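Note sheet for the following structure.
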4 protein chains.
Amino acid sequence: MQALVYQGPGKPSWESHRRPTIQHAGDAVVRVTTSTICGSDLHILKGDVPTVGEGRILGHEGIGVIEEVGSAVSAFHKGDKVVISCITACGKCDFCRKQMFSHCRNGGWILGNTIDGTQAEYVLIPYADTSLYPLPVGAEEEAAVMFSDILPTGFECGVLNGRVKPGDTIAVVGAGPVGLAALMTARFYSPAAIFSIDLDDNRLRVAGSFGATELINSSDGNAVGRVMELTHGEGVDVAIEAVGLPATFDICQGIIGVGGHLANIGVHGKPVVLHMEKLWDRNATLTTRLCDTVTTPMLMKAFQSGSLQPGKLVTHRFALDEILKAYDTFGNAAKRSALKVALKAR
Amino acid sequence: MQALVYQGPGKPSWESHRRPTIQHAGDAVVRVTTSTICGSDLHILKGDVPTVGEGRILGHEGIGVIEEVGSAVSAFHKGDKVVISCITACGKCDFCRKQMFSHCRNGGWILGNTIDGTQAEYVLIPYADTSLYPLPVGAEEEAAVMFSDILPTGFECGVLNGRVKPGDTIAVVGAGPVGLAALMTARFYSPAAIFSIDLDDNRLRVAGSFGATELINSSDGNAVGRVMELTHGEGVDVAIEAVGLPATFDICQGIIGVGGHLANIGVHGKPVVLHMEKLWDRNATLTTRLCDTVTTPMLMKAFQSGSLQPGKLVTHRFALDEILKAYDTFGNAAKRSALKVALKAR
Amino acid sequence: MQALVYQGPGKPSWESHRRPTIQHAGDAVVRVTTSTICGSDLHILKGDVPTVGEGRILGHEGIGVIEEVGSAVSAFHKGDKVVISCITACGKCDFCRKQMFSHCRNGGWILGNTIDGTQAEYVLIPYADTSLYPLPVGAEEEAAVMFSDILPTGFECGVLNGRVKPGDTIAVVGAGPVGLAALMTARFYSPAAIFSIDLDDNRLRVAGSFGATELINSSDGNAVGRVMELTHGEGVDVAIEAVGLPATFDICQGIIGVGGHLANIGVHGKPVVLHMEKLWDRNATLTTRLCDTVTTPMLMKAFQSGSLQPGKLVTHRFALDEILKAYDTFGNAAKRSALKVALKAR
Amino acid sequence: MQALVYQGPGKPSWESHRRPTIQHAGDAVVRVTTSTICGSDLHILKGDVPTVGEGRILGHEGIGVIEEVGSAVSAFHKGDKVVISCITACGKCDFCRKQMFSHCRNGGWILGNTIDGTQAEYVLIPYADTSLYPLPVGAEEEAAVMFSDILPTGFECGVLNGRVKPGDTIAVVGAGPVGLAALMTARFYSPAAIFSIDLDDNRLRVAGSFGATELINSSDGNAVGRVMELTHGEGVDVAIEAVGLPATFDICQGIIGVGGHLANIGVHGKPVVLHMEKLWDRNATLTTRLCDTVTTPMLMKAFQSGSLQPGKLVTHRFALDEILKAYDTFGNAAKRSALKVALKAR
């Protein structure tokens, strides 16, 4: 088969690779029909993710068709169309039992990281029964592939951890795909106001089309001041950090009101300065989380009732074997006005 | 009357002062029968709390007898014995309605701060109906004065915010009065293990007598290592920060396990470095809170059933007019092996 | 002034009555500008509510202008436009402190019940600071009067107690004003499917216009069967009982699925048979509640953001002095296709 | 092997039976070292449980040693000592993912019901990875066998569903093994008062030794009156129904205070009359639940810290092959002052 292989920093390669086969009773082999690229794939390609070695097939998002299952797989059969979860869950360990699949002792985020991933014609999925989901009936694949990662990530790490409530004023810092996923799913709880904060006017416009009620370009360094003005000095109920930089974290800690929540989604590479001298008495809550994908079934129900349009996140489409072109587009997202790219098997 | 008046940094003065009288319909004047000193009183005396001006009577903890009530006070009458809450709550504003009395628009922590306090023979309590509590029947005053501040502080900011559960492994960093109040009230939820961490062996011994199952002297700089060893590398479920320094905060962020809670109680004067590069994917929760005193009735019920012995926190007793001596003892707590000092009106 | 006075069963009278004056420091006198009629007013008129004596002015819903306040009232002033809450809350007692205003030791549902109510030109509101709310800026009075009772009732007793979640399948039994209020506010949480169940096709059509996704006329006795068919035998996540009869309660207990919630809103006059032989192992939750009006501020924020259109509940409008005609219309709601009637002072 | 086989109503038989062998990749065969008898085994023997056919080996509680595992079992190995959960959980279905193992699509309560059970020398456990637990280190088997059923049942259905809080006044109706398990585990949350209500003075004495603070013999029909007297007319915060009869359910609904919880554990064979005409406005919550065993790990941690003494529930001990004698004792529990019987393999 063909696959996108990491051959060291800056060296992605679309090349021939041995097709995976069942190794354990709980495995499934899935023929990938749609895949996509995530921001963390770009990090890996820069060499920033030390767990990823040379020769690894990248990708942790995908839709496909079950090709073969191990003897212990009972929920899926050859021919089933499935959504591949970015998180592999054994369903047995103490963390899985606490619904923290992201910290599964035997899985977690391993696809396209410590085992081969979904940017390939075929992929092996361990613990298939608890790591795959049936493709929602009638769903377009390029919409459904958002269930692999960014929808549960935005929803669990941002919206649920942030405890968005009806009538709330919330801010989503970062209008990239994950920030937009948080914004879309925050609307499940009918906040009164949603501020979208980003450096890029185009992304802000998109956020507006997804339901943001106020668009704040933070490039002038005054996002905090603007939010405080809009909230009459009270700050927001929930600030969702969907970037992962000290500067964006800073905006979040500057705008949460008394009793507010700062829900971090962003992947941080560095420490931040936390202003405990201001926050210690603010009844504030700061949360971190790696997506557990435990809400995927709930999100799929919401999707099927029509209250979620993840397909709107797809801005560019490529054939799977054009993936290097797709990386180029996604890697220059701002310039190309790209959000998510859909990669379809021919 | 006589009162302890702040006459500028380093200048407490026990002096004659005009006795307070009812100003508004919701006020009560309380004759103080027992008071005590808080760590924040020491901060004020150092000049560290800019909201406190010269001429202010200090103190926000006390037990007393109602001397007079305004026309709108209905829950209390002349002669009632009461616990004075450190937090004044109007009961009407948006924060009071959300049970965040600490951020009451008309009150909050004002006693001994922006209005005269309890280290005096008489004190004026605004919004008496929602800021006073009946003295539990049969309670010793020196035990009950712990309900003014440190019990609800330790319980709300540390235990409730930390979500201590049966079977949990928890750590309380700081074995001063507030840390011990957290430790005592954490036991309501039957954690399996309680690590007490402090620099002072005497305080640790006291923590042991309050139910800590492991005593860790952090003066060797290896508290984190010791906790990780004791938890087989998993870390604790809950870390309660009861000091308020970057070093103790650091221990807390170093020891919380996946899914863990860091519940801050300490008053911080400086920013801390938050290791988001390690925490971002740990499903961690960090909380801050100023004591809301909303659990005072619950704590009093627990006390009356015998499951709380706050009187054990009192190590030294003075007459109220010996308060300067009491300050000296409390200000040298480590040397004098002091926890809380009880000040009794003659 | 003129007022609607209960002169015994079946005898409402629009008559002259002494205008109320401030009795206690916390009182306010409100000039009523808009009022309405509730189903419980009809119960009172039938003589079914023994706490209501002859000579009582009815009504517990209303909008008005503050005419005068007692000396302890601080949140409102003469001239302020206010929403009158159906629940009077002292804000001081143990139940108020637990956010159960409905069981306030000094208030609760007393307006138009044990004290004179809002179907009058003026009304006395005790504990005004905690029993009135500022009229949302720009709100039409006939829409805002729904905040007095039915919006918080439907939301708190039905939606919050029922724990409606995104993706849920819910059923609202009863499409009268309170059932519709539950339906409207349930949508804050983006359920995937909302079944409206009623005996009246016209009311069902209205429910459809409020967002019900399935309309079930239960007059054929097969509502349970229909729901089970639609849910493939699984039952619903939440059943909201908005009628108060054994027959409608029965539908609810027959349709909740495993782990489901039965949230009762209806006022029941008789016991029901609860099928514990079927329910004991279903992980079911049944809740009851009298509206606490604690969510009124949240509902008002949602309203101001445009996500709530309570004005759609008003089907008929009268001058306040035409109230007997309004009672006739509301008392024959099915025949007249009436939901709520707005009564406006001239 | 030998096993206790149900040969029709009133006909238990200790007889020779084919030893089980692995059928599916997720199975384990366990050699039973300790078992016990549950009240539901008595129900089965009376012929009251239609799902149990003739020829079925009874029993759903037990401790044992892994004899053999299927190819997909990864958490356990031959020789491991395990606690057998009364609930079999596939860990994959929608209910398992929602932590409702009791309603597992592929398991649930099947042991000694629809598949052969633990009152035998060997037992086959499907989905072994998610249906077995490691025996806590150092635990006596006769204490640990309480983790199979009654500890999680009392805790989950009674204590967690009842939301017992520090300072609460609670009542446990029924002082049999499950009621005592609820009582023991309720103490994790430090209620201020625990009323034990039963018809049998001996059981009440035992409840007293387990920590009940008030013992109420309900044989005079005045339990409700006594509770209301003790609570000054307020009722209890939580009533736990641990019997399963209309009479005991009635006590529970009669004693819950405003905002109270009625947590049902009892297996009901008949409907009850629910007094909605009294309860509709009481802000009450009634819950039902079949034990999910999701808290077994938490309970084991609490046990290992010394805060749980389940061994105290064992009043009689027999060899496994004396099981018919054990049934006779357990079936006459009141007369023999029996709680749980321990059955030990020779």
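When reading the values below, keep in mind they use all heavy atoms of this one structure, side chains included, and skip hydrogens, waters and symmetry mates. All chains are named by letter (A, B, ...) in the order of the sequence lines, taking the proteins before the strands, and each is independently numbered beginning at 1. Bear in mind that the values here come from a model prediction, so they are computed numbers and not experimental data.
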Worksheet item: Rounded to the nearest 0.5 Å, how far does CZ of B/R282 lie from NE2 of A/H103?
Response: 7.0 Å
Discussion item. Around atom CZ of B/R163, are there more than 12 heavy atoms from other residues, nucleotides or ligands closer than 6.0 Å?
Written reply: no
Fill in: Student check: side-chain heavy atoms of A/P271 and B/E277 closer than 4.5 Å
yes
Worksheet, complete the sentence: Turns out that what part of A/E234 lies under 4.5 Å from chain B's heavy atoms comes down to side chain
Item to complete: Could you tell me the separation between the NE2 atom of B/H268 and the NE2 atom of A/H275, rounded to the nearest 0.5 Å?
Response: 13.5 Å
Worksheet item: Roughly how far apart are A/I265 CD1 and B/D281 CG, rounded to 0.5 Å?
Response: 14.0 Å
Worksheet entry | Proximity breakdown for B/S102 and chain A, heavy-atom pairs closer than 4.5 Å | side chain
Worksheet item: Hey, what do you get for OG1 (B/T288) to CG (A/L274), rounding to the nearest 0.5 Å?
Response: 9.0 Å
Fill in: chain B contacts, top residue of A/K278, A/R105, A/E156 (heavy-atom pairs, under 4.5 Å)
A/R105
Worksheet entry | Residue A/N161 versus chain B: region with a heavy atom under 4.5 Å | neither
Worksheet item: Do you know which of A/V272, A/L279, A/T287, A/D292 has the most heavy-atom pairs under 4.5 Å to chain B?
Response: A/V272
Fill in: OG1-NE2 distance between B/T285 and A/H261, expressed to the nearest 0.5 angstrom
9.0 Å
Worksheet item: Ignoring hydrogens and geometry, is there a side-chain-to-backbone donor-acceptor pair from B/N283 to A/L290 under 3.5 Å?
Response: yes
Worksheet item: If you tally heavy-atom pairs under 4.5 Å against chain B, which of A/V273, A/V258, A/N264 wins?
Response: A/V258
